[in-house]
Amino acid sequence: MAKESFKERVRLEIIKAAKKYKEVYVDCEYLICSEAFVKKDYYIIAAKEDNFQHLTGVHSQINAQSFFDMCYEGTLSEKDFDFVKRGQDEKDVKGTVRRKIKVLPDIMGLFKAGLQAEESFKKNKVICSFATADGNCTLGFSESEKARPKSLIKGNELKNPRPVELILKRKTGTELFDEIVVGNSMALSKYKENIEKLVASDLFYTYRGEHMLNEHLILKMIEFDKGDPKRIQHFTKVYEYAHMIGQLEGLDEKKQKILDIAAILHDIGIRPSEVKYGRCDGKLQEQEGPAYARKMLEDFLEVTKEEIDRVCYLIGHHHTYMGVDGEDYQILLEADFLVNAYEDELSPESICTFRENVFRTKTGTELLNIMYNLKYS
């Protein structure tokens with residue numbers, strides 16, 4: 001059996017790659033976000049069929065569109081291309097083609113976790129608006145409104161790479177990006193301001209899912225209180241007690257949701273109060289907190305305006321013990337005190353007084369009595 005020639009191997013590889021290239025790059029467009037990008041907030045990748053030939057490294061007298069069509073249809077023959085390029089040794093061209101076809105399949109799976117990016121990428125005489133790399137190959141993109149694949153290099157050639165945090169996908173010809181390829185709800189939230197008009201509105205909700213609302217809100221609040229572990233420990237404990245009391249007291253789903261959110265955010269006014277006034281007493285927390293809570297919750301489409309209003313009301317009253325107008329309000333006061341009594345090292349007498357004046361739920365009262373070994377009232 002005759003040994004397969006290098007040219008025949010190239011022909012077979014690029015025919016095979018053409019179908020996948022159309023599926024991945026031509027039929028779909030991608031929005032990519034990374035802290036590597038300074039000149040632009042994001043890039044949109046939109047390949048064309050006539051980009052394909054350049055990525056293979058071969059030379060052809062056929063125009064780039066016809067070249068792709070023949071590859072895609074499987075009709076490309078050895079006489080339709082060669083390795084002869086002006087000013088280059090044929091051996092060097094073959095070496096380049098050999099390296100390119102080896103990594104050509106890799107670009108079809110390039111959009112995955114671990115991808116890195118670099119803006120204003122340069123390699124030899126090639127200048128790209130940005131390039132991505134996954135360790136196996138580097139793919140550079142053209143400088144245009146919609147970036148096209150321009151340069152394919154074996155290995156990682158990035159000099160100052162930063163992680164790609166978010167890649168969204170849409171079918172070519174559609175208006176909105178509606179699928180997350182790389183990233184999570186935190187990345188969506190981070191870049192929301194810049195990309196919101198390009199993204200299907202339900203994507204923010206659909207991807208996170210309401211059952212993960214509390215977890216993602218906790219992460220946002222941890223970031224808000226960054227560098228202050230004591231405060232972070234406090235609100236997470238209050239949330240756990242509030243959630244438990246609400247569950248055991250039989251709150252309906254809507255009230256439980258509002259209580260959980262309010263417990264996570266109840267002290268959001270502390271840091272702004274310290275910055276603005278140099279102190280953070282309870283009344284200032286109630287005064288400053290609601291505006292910051294409302295702004296944070298705007299990123300969570302699964303929280304309705306009515307729910308946000310109630311959460312902000314609870315935050316604005318969580319140090320007010322008169323006129324308690326709901327189970328969510330009552331439980332928030334009790335959960336906050338369960339933690340404060342320990343953190344502030346209150347005396348048994350002070351705890352008992354607060355219990356008599358404020359505690360009303362069976363679960364909250366039992367927790368307080370057991371935790372601090374109090375005599376039952």
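Heavy-atom basis, side chains included; hydrogens, waters and symmetry copies ignored.
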Legend entry - Donor-acceptor contact below 3.5 Å, side chain Arg279 vs main chain Ser273: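 Absent.
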Inset, instruction - Without swapping roles, check the side chain of Ser151 against the backbone of Gly140 for a donor-acceptor pair under 3.5 Å. - result: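 Checked: no pair found.
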Legend entry - Residues that, via side-chain heavy atoms closer than 4.5 angstrom, fall in one hydrophobic cluster with Leu158: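 Members alongside Leu158: Phe121, Ile153.
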Inset, instruction - Could you list who else is in Tyr277's hydrophobic cluster, with ILVMFWY side chains joined at under 4.5 Å, directly or through other members? - result: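 Other cluster members: Leu284.
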Legend entry - Hydrophobic cluster identity match, Leu368 and Met244, side-chain contacts under 4.5 Å: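 Same cluster: Leu368 reaches Met244 through Ile, Leu, Val, Met, Phe, Trp or Tyr contacts under 4.5 Å.
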Inset, instruction - Taking the six-membered ring of Phe52 (Phe, Tyr or Trp), confirm whether the NZ or CZ of Lys22 is under 6.0 Å from its centre and within 45° of its axis. - result: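 Ring-cation test returns no.
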Legend entry - Aromatic ring proximity, centroids under 6.0 angstrom, His54 and His59: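 No, they do not, as the ring centres are separated by 6.0 Å or more.
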Legend entry - Pair Tyr42 + Phe37: ring centers closer than 6.0 Å: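 They do not qualify: ring centres at least 6.0 Å apart.
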Excluding sequence neighbours, so at least two apart, what forms ring-ring contact (aromatic ring centres under 6.0 Å, His included) with [X]?
X: Tyr372; result: none
X: Tyr25; result: Tyr21, Phe111
X: Tyr239; result: His243

Legend entry - Chi angles and distances behind the ring-ring contact (aromatic ring centres under 6.0 Å, His included) call for His266, His319: CA-CA 10 Å; His266 75 283; His319 284 289; 8.0 Å; no
Legend entry - Pairs satisfying salt bridge (Lys or Arg N to Asp or Glu O under 4.0 Å), at least one member in residues 121-132, at least two apart: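 Salt bridge (Lys or Arg N to Asp or Glu O under 4.0 Å) check on residues 121-132 returns Lys123-Glu157.
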Legend entry - Side-chain heavy atoms of Leu346 within contact of Asn340, under 4.5 Å: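 Leu346 vs Asn340: side chains apart.
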Between [X] and [Y], is there a side-chain N and carboxylate O pair less than 4.0 Å apart?
X: Lys112; Y: Asp134; answer: yes
X: Glu118; Y: Lys159; answer: no
X: Glu274; Y: Arg271; answer: no

Legend entry - Exercise: identify the closest heavy-atom pair between Gln285 and Pro290: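 So the two residues come closest at O-CD, 4.3 Å.
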Legend entry - Chi angles and distances behind the ring-ring contact (aromatic ring centres under 6.0 Å, His included) call for Phe177, Tyr30: CA-CA 8 Å; Phe177 291 91; Tyr30 303 87; 8.2 Å; no
